[in-house]
Structures are given as structure tokens and as C-alpha cells.
Number of protein chains: 2
Amino acid sequence: MKRIAESTVRRLSIYLRFLEESENRGLATISSQELARRGGTTSAQVRKDLSFFGSFGKRGLGYSVPELSASLRDILGLRRTWNVIIVGAGKIGTALAQYRGFRQRGFIVSAVYDRDPRKIGTVWESLTVRDVAGIEKDIDAAAPDIAVLAVPGEEAQGIANRLVKAGVKAILSFAPTQIHTPADVTVRSVNMAMELEGLSFALTSRDRNGAEDGLDSASR
Amino acid sequence: MKRIAESTVRRLSIYLRFLEESENRGLATISSQELARRGGTTSAQVRKDLSFFGSFGKRGLGYSVPELSASLRDILGLRRTWNVIIVGAGKIGTALAQYRGFRQRGFIVSAVYDRDPRKIGTVWESLTVRDVAGIEKDIDAAAPDIAVLAVPGEEAQGIANRLVKAGVKAILSFAPTQIHTPADVTVRSVNMAMELEGLSFALTSRDRNGAEDGLDSASR
DNA sequence: CGGAGCTTGTGAATTGATTCACAAATTATG
DNA sequence: CATAATTTGTGAATCAATTCACAAGCTCCG
């Protein structure tokens, strides 16, 4: 099977979000044009993205909203639930553990870990914070699909190594540093510092060059 | 001036993070090779990225750690501080408002807004939550550089429109939906759902294709 | 001080992603 | 039922990003 670009997968997510919204509003069909408008891209891009996975539309008519929704959920692997653990019960970890959106989309947080004895044992919404020291044993037993890494930068790589050794194959990292893993482990990372610096760069170079005529309108 | 790719700017951030770490450890010089290893890229990529902005190294020796650090901070616009407001005092907004990393890197959170009367007036770390109804007046007076959007998806576009109309030129959005703005406003967005779905896709297609031989090692 | 050993900076080549453009399929209309 | 109006799916063309590869410059050592 052909390798799918990450940019394509990101856009599929965006299309799905909008399709679900359209589904709720009772729309029956939608064109690549409209999907593109809302996703901040072009209709050719939408069709190309979908074409990697099959042929979902009807010429002259567009796509059936519920059918395309279902297909995208299928492609993205969202027909099942995923077992997620969160490592790090600091500001971010706490916010994530309580974030409703996770469960809503089938990502079930089954455990939260920290190393701070003052945090271990505390309970949020039916989840007890566990000691990170025992995480390998837990991973062995529960085989979580995804680990969310919400620990300070200095500790991130060390914890990642332990997670990988214990068998975790997917990591969502919030650490401000780059995480290295073997090729069979997928890492996505959210780096706030990087995003802010991207904005800082944009604001600065705009000033430096005098009202740049750039033409980006939708984000990323 | 040539347009700089977003991917280049993202990498500059990564290089800077590692340079600062090296600076703290007292390293004097560093090669593109080493920078690449830690940034999960190649030495040619590092040199190309830097070449867009000038010539910072010494052949045969590498880059001076403090000099390159300073140059990158300069390029990224980090020699000054930036005035940041946070809109939405929910889980994410709260976590962000208290996040030390912001201030550390020169992003000063000057105000937090919400529309919930129960939240308006509450205080965290010397910041009082203000009524979002009056945000236009505040923006007029304080001219914040960056607005962090941490409101529910349904409200995000509406608030973004108000921010833009009031003069905000840079937005960091945490909304799960795409935000549209005029070309002169830069938007970066962090979309948790998208990241999780990316992992779900990777895990699923790995299974579907039977232990894919992909060769990604560092994240994004 | 001369040669060996590195490492940068950068055009050229390659690889990858996006956009174009159009035939084919479908619906709507009179 | 024929014609006009849409809209998909997809090779080909273009545009963008990455990698290659090597001359040029610097350091170090004997």
C-alpha cells in the first residue's frame, strides 16, 4: 500500500469534523468544493486526498454526508475505542485527563501517572493517579494503545524510552523537546513553545519586510 | 525577501531549544551534524534552514553555540516580549494561564477572558478573569500581540472574528475546528483530536498492512 | 608552514505535494 | 429523450521541500 502523507491524514481529520457537523444539521450530500471551503484548501486537494483510499462520491452530485463520514471514521481507525494512558499529572496532564473530547471520540483514558508522592493516590473523575514507578507492569497488563506524555522536558525522553521498552506503539508528546523513538513507534508532538515562536516569527518578519503580501488564510 | 516555509521555522525552534540546553552545559561550538541528530533531521537540512537567514558557522569548526542561539532568537523575534491574552477560562485556558513556560520565553499573559459569570472576577496568580463582552475595548487599549483561543469549537470562529476586527494579528487556536481569517492574520492551531486521530490512523494502517516498514523515527 | 581532516554553504538533482485540466458519470430540465 | 449543468476521479504539469555532492574555508598537528 502506498505511503500516505501526514498532511493528508491531518486534512482527513478536518474533513471528518466538518462532515459530522453537517450530519448533525441533516445535510444529505456535500461537494468537494464545500468541503474544501471549510477545510481551508482546494476541491482538487480534497478529491486527491480521498482518492488514496477509494472512490466515495457520485459524479454530478458530490458525496453522501453519512457515507463519507463513516468511510473516514473507518480509514482513521475510529470504529473502535483506544486505550489511552496519561503520564504526568501536572497542569497539562490534569487538563487532558478531564478533557471530555477524548472519551467522546473513543479515546478512553484508563490511567494517569506521576512520580510526585503528593499527587499519587489523588482522584479525579474516577481516575486515581498512580505511581509512575510501576508503569511497566501496568502496560504489560493493560496494553494501552496510546500514551500521552505530559512531563517536564528533561524527563520526557527517559519516560518515552521506558514506554517504548514496555511496548507502547504510539505517543502523543507535549514536551517542548524532540522525542526519539524506534521506527515502529509513532510520535506526534504538540509543542506550545514552537507554536508561539512561529507566531513571533510571523509578526516579526511582517514588520521587518513591511506589510508582507503573504496569502495564507486558514491555519496550518 | 524570500518566503520562509513553516517547516523551516518549526525546525529553527527545535534547534534553538537544543542550543539553549547546550549553552547551559557550557558547550562552545556545535556542528550541523549534532544539531541534526538532536532535531531528528539531516545536517544538510540544518545548513539549508540557516542559509535562508545568513551564514553563521565556521567551516571546519561548526557553529558557536552562544552566537547561533542569539541569532536564532533574533530571527524568531524573541529579543522582545510579547503581550498575550487568553480567551476561554476552561480546562485548557486555565492550564495555559498558569503555564510557566510562557513567561519564561517572553510571552507575557496580560489577561484572561470568559463569558461565564461564575468565572468572571476569579483570580489566578495575579490575573483576574475578565468578561469577554468587553474584549474589544481592552484590545484597543492594550494592543495585545497574540490571542490564545481556548473556547469551545462552536464559539471559536465567532470570537476569532471579533479579535480580528479589534486588530489582533496572531492567533493560537486550540479549537478542534478550522479557523478562517484574513491573509494578514497569522493563525497556528493545536488540534488534539487531529493528533489523536493521526495516531489512530498510524496504528490502524500498521495493522492493516502487517508491520509496515515505514522509517520515521523522530516526530513530525 | 604544509598537508590531513573537518565542516560549512550552496547550486543542482531528486523526491514529494499540490494544482491543473479534462474525460466520464450523473442529475436536472424542458 | 436529448441537452445543459454539475461534479467526481485522476493522469500530467507545476510548485515546493529535501537531499546530494562538492568547492571553499578553517583548524590542528607534526
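Per chain, numbering begins at 1; letters A, B, ... match sequence-line order.
Across all strands shown, B:S43 has no heavy atoms under 4.0 Å from either base or sugar-phosphate atoms.
By the side chain to side chain donor-acceptor pair (under 3.5 Å) test, A:R38 pairs with no residue at all, sequence neighbours left out.
The existence of a salt bridge linking A:R25 and A:E21 is confirmed by a sub-4.0 Å separation between a basic side-chain nitrogen and an acidic carboxylate oxygen. We find that A:R105 and A:E20 are joined by a salt bridge, their nearest charged nitrogen and carboxylate oxygen being less than 4.0 Å apart.
Closest approach of B:V185 to A:R206, counting heavy atoms only: C-NH2, 4.4 Å.
Contacts with DNA chain D (heavy atom under 4.0 Å) in residues 59-70 of chain B: B:R59, B:G60, listed by number.
Using a 4.0 Å cutoff to heavy atoms of chain B, the contacted part of DNA chain C runs 5' to 3' from C:dC6 to C:dA12.
Distances shown here put a side-chain N or O of A:S55 below 4.0 Å from the OP1 or OP2 atom of D:dG9. The side chain of A:Q33 places no N or O atom within less than 4.0 Å of a non-bridging phosphate oxygen (OP1 or OP2) of D:dT7. Within the 4.0 Å cut-off from OP1 or OP2 of D:dG9, not a single side-chain nitrogen or oxygen of A:S51 is found.
The distance from atom CD of B:E6 to atom C1' of D:dT18 is 17 Å, rounded to the nearest whole Å. Rounded to whole Å, atom C1' of D:dT6 lies 15 Å from atom CD of A:E34.
Residue B:F174 is tested with B:L96, B:I86, B:V151 for a side chain to side chain contact (heavy atoms under 4.5 Å, CB included); the sole match is B:L96.
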